[in-house]
There are 2 protein chains.
Amino acid sequence: MINFSIKFQSGVPIYEQIIYAVKKAIVSEQLRPGDTFPSVRELSKDLRINPNTAQKVIAHLVREKLLIIKPGIGSVVSELKEATDLQRKEILDTEIEKLVVEAKRLLINKKEVIDAVKSHWNLDNEE
Amino acid sequence: MINFSIKFQSGVPIYEQIIYAVKKAIVSEQLRPGDTFPSVRELSKDLRINPNTAQKVIAHLVREKLLIIKPGIGSVVSELKEATDLQRKEILDTEIEKLVVEAKRLLINKKEVIDAVKSHWNLDNEE
DNA sequence: CCAAGTGTAGTATGCAACATAGTACACCTG
DNA sequence: CAGGTGTACTATGTTGCATACTACACTTGG
């Protein structure tokens with residue numbers, strides 16, 4: 001049984017879209033630590049994607065420590081981990097800089113951006 | 001003469017890196033409206049990239065209305081334009097949601113994120 | 001006028017990523 | 001021990017990226 005939803009859109013790799021959907025589900029507590037996660041074959045069948053693509057998704061999520069492999073069983077949602085210094089720098093420096101540059105070039109106010117952050121922080125329950 | 005700097009890093013398309021560097025230069029006022037921008041051939045020579053790639057960069061920037069073509073002359077930095085509703089939605093909804101999801105999964109505080117936004121907003125003069 | 005520079009368009013090649021299909025193996029569970 | 005699990009291959013087709021090269025219509029500046 002699948003416990004998150006996806007609407008595929010072209011232009012973005014399928015496996016990235018799935019990974020993001022899973023992260024969103026975890027962050028919004030639709031998926032909680034300890035919950036079982038679909039196996040490679042189950043995921044590929046339910047989402048009608050290739051087993052290789054499903055395997056790619058799970059491998060990524062394991063490498064990012066969002067899933068833990070239970071040999072012979074499947075995988076399980078893990079507890080959230082603190083960011084490494086490198087991950088922290090990537091977000092707070094690189095990613096946010098990109099966001100600010102794009103906002104500034106489109107003449108979007110600082111307040112609008114910060115309000116949007118606050119807004120998304122409090123409700124991650126979209127559709 | 002090139003009036004912005006780039007350090008290429010692998011994994012990201014060259015043309016995207018250049019586009020971003022130009023945006024950053026404009027936003028930080030190292031490039032101002034009316035300034036002349038390198039021609040396709042000049043850009044390809046100075047950055048040692050293929051003319052096609054340079055053309056791709058300029059075409060993108062023109063389509064985003066950051067440059068204006070002066071036929072026979074070259075191109076010129078344009079005034080910043082207000083975002084369309086679609087661009088505004090893309091940033092304030094999609095992009096910021098992605099940022100928040102990634103921050104939350106890495107247990108980064110809301111305050112840290114907002115402070116980083118404020119910080120990047122005031123000084124775009126790195127290195 | 002005209003040489004030189006401009007943007008633009010086209011063909012072609014090599015490379016890598018993405019998604020697909022199919023097969024196979026070692027492992028653990030029930 | 002049958003069946004499910006993750007994992008690892010090979011292979012194909014498509015797409016995007018970067019390169020090389022040629023060509024054309026345009027405008028500038030001498």
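Scope of the values below: all heavy atoms of this structure, side chains included, with no hydrogens, waters or symmetry mates. Order of the sequence lines fixes the chain letters, A, B, ..., with proteins taken first and strands second; residue numbering starts at 1 for each chain.
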Chemist: Between the protein and nucleotides 28-30 of chain C, which nitrogen or oxygen pairs come in under 3.5 angstrom?
Modeler:
none

Chemist: If I take atom OG from residue Ser78(B) and atom CG from residue Leu31(B), how far apart are they, to the nearest 0.5 angstrom?
Modeler: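 Separation between the atoms: 12.0 Å.
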Chemist: Separation of Arg48(B) atom CZ from dA20(D) atom P, in whole Å?
Modeler: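 My rounded result for the distance is 12 Å.
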Chemist: Could you pull out the protein-nucleic contacts involving nucleotides 13-17 of chain D (nitrogen or oxygen on both sides, under 3.5 Å)?
Modeler:
from    : atom 1 : to       : atom 2 : distance (Å)
dC17(D) : OP1    : Tyr15(B) : OH     : 2.9
dC17(D) : OP2    : Lys56(B) : NZ     : 3.1

Chemist: Using 4.0 Å as the upper bound for N to carboxylate O, is an ion pair formed by Glu79(A) and Lys65(A)?
Modeler: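 Not counted as a salt bridge, because no side-chain N and carboxylate O are separated by less than 4.0 Å.
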Chemist: By the 4.0 Å heavy-atom rule, please label Thr53(A) as base, sugar-phosphate, or nothing.
Modeler: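 Contact class for Thr53(A): base.
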Chemist: Could you state the atom-to-atom distance from CD1 of Ile18(B) to C1' of dA18(D) in whole Å?
Modeler: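 About 11 Å, once rounded to whole Å.
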Chemist: Can you check the Asn50(B) CG to dA18(D) C1' distance for me, whole Å?
Modeler: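 Going from Asn50(B) (CG) to dA18(D) (C1'), I get 6 Å.
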Chemist: Tell me, which pairs form a side chain to side chain donor-acceptor pair (under 3.5 Å) where one or both residues lie in residues 51-61 of chain B, sequence neighbours left out?
Modeler: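 Pairs touching residues 51-61 of chain B that pass the test: Asn50(B)-Asn52(B).
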Chemist: Taking salt bridge (charged side-chain N to carboxylate O under 4.0 Å, His left out) as the cut-off, I'd like each qualifying pair that reaches into residues 107-116 of chain A, sequence neighbours left out, listed once.
Modeler: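 Counting only pairs at least two positions apart or across chains, the salt bridge (charged side-chain N to carboxylate O under 4.0 Å, His left out) contacts touching residues 107-116 of chain A are Lys111(A)-Asp115(A), Glu112(A)-Arg88(B).
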Chemist: Give a yes or no on whether a salt bridge exists between Glu42(B) and Lys45(B), defined as a side-chain N under 4.0 angstrom from a carboxylate O.
Modeler: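 Judged by the 4.0 Å cut-off on N to carboxylate O distance, Glu42(B) and Lys45(B) do not form a salt bridge.
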Chemist: Gln17(B) has an atom CD; how far is it from atom P of dA18(D), in whole Å?
Modeler: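 Roughly 8 Å, once rounded to whole Å.
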Chemist: Phe37(A) CZ to dG6(D) P: how many Å, rounded?
Modeler: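 Roughly 10 Å, once rounded to whole Å.
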Chemist: With sequence neighbours excluded, what pairs up with Glu90(B) under the salt bridge (charged side-chain N to carboxylate O under 4.0 Å, His left out) test?
Modeler: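 Per chain and number, Glu90(B) pairs via salt bridge (charged side-chain N to carboxylate O under 4.0 Å, His left out) with no residue.
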Chemist: Using atom CD1 of Ile49(B) as one end and atom C1' of dA18(D) as the other, report the distance to the nearest whole Å.
Modeler: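 Ile49(B) atom CD1 is separated from dA18(D) atom C1' by 10 Å.
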Chemist: What's the separation between atom CD in Glu95(A) and atom CG in Leu99(A), rounded to the nearest 0.5 Å?
Modeler: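 These two atoms lie 9.0 Å from each other.
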Chemist: Any side-chain N or O of Ser39(A) below 4.0 angstrom from OP1/OP2 of dG4(D)?
Modeler: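 No.
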Chemist: Please enumerate all protein N or O atoms sitting under 3.5 Å from an N or O of nucleotides 8-13 of chain C, with distances to 0.1 Å.
Modeler:
from    : atom 1 : to       : atom 2 : distance (Å)
dG10(C) : O6     : Asn52(B) : OD1    : 3.4

Chemist: Assess the side chains of Glu97(A) and Tyr20(B): does a donor N or O sit below 3.5 Å from an acceptor N or O?
Modeler: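 A pair is found: one side chain offers a donor N or O, the other an acceptor, under 3.5 Å apart.
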Chemist: Which value, rounded to the nearest 0.5 Å, describes the distance between Ile49(A) atom CD1 and Tyr15(A) atom OH?
Modeler: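 Ile49(A) atom CD1 to Tyr15(A) atom OH measures 12.5 Å (nearest 0.5 Å).
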Chemist: Decide if atom NZ of Lys81(A) counts as having more than 12 heavy atoms of other residues, nucleotides or ligands within a radius under 6.0 Å.
Modeler: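 Yes, the 6.0 Å shell around NZ holds more than 12 heavy atoms from other groups.
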Chemist: With rounding to the nearest 0.5 Å, note down the distance linking CH2 in Trp121(B) to CG in Asn109(A).
Modeler: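 Between atom CH2 of Trp121(B) and atom CG of Asn109(A) there are 7.0 Å.
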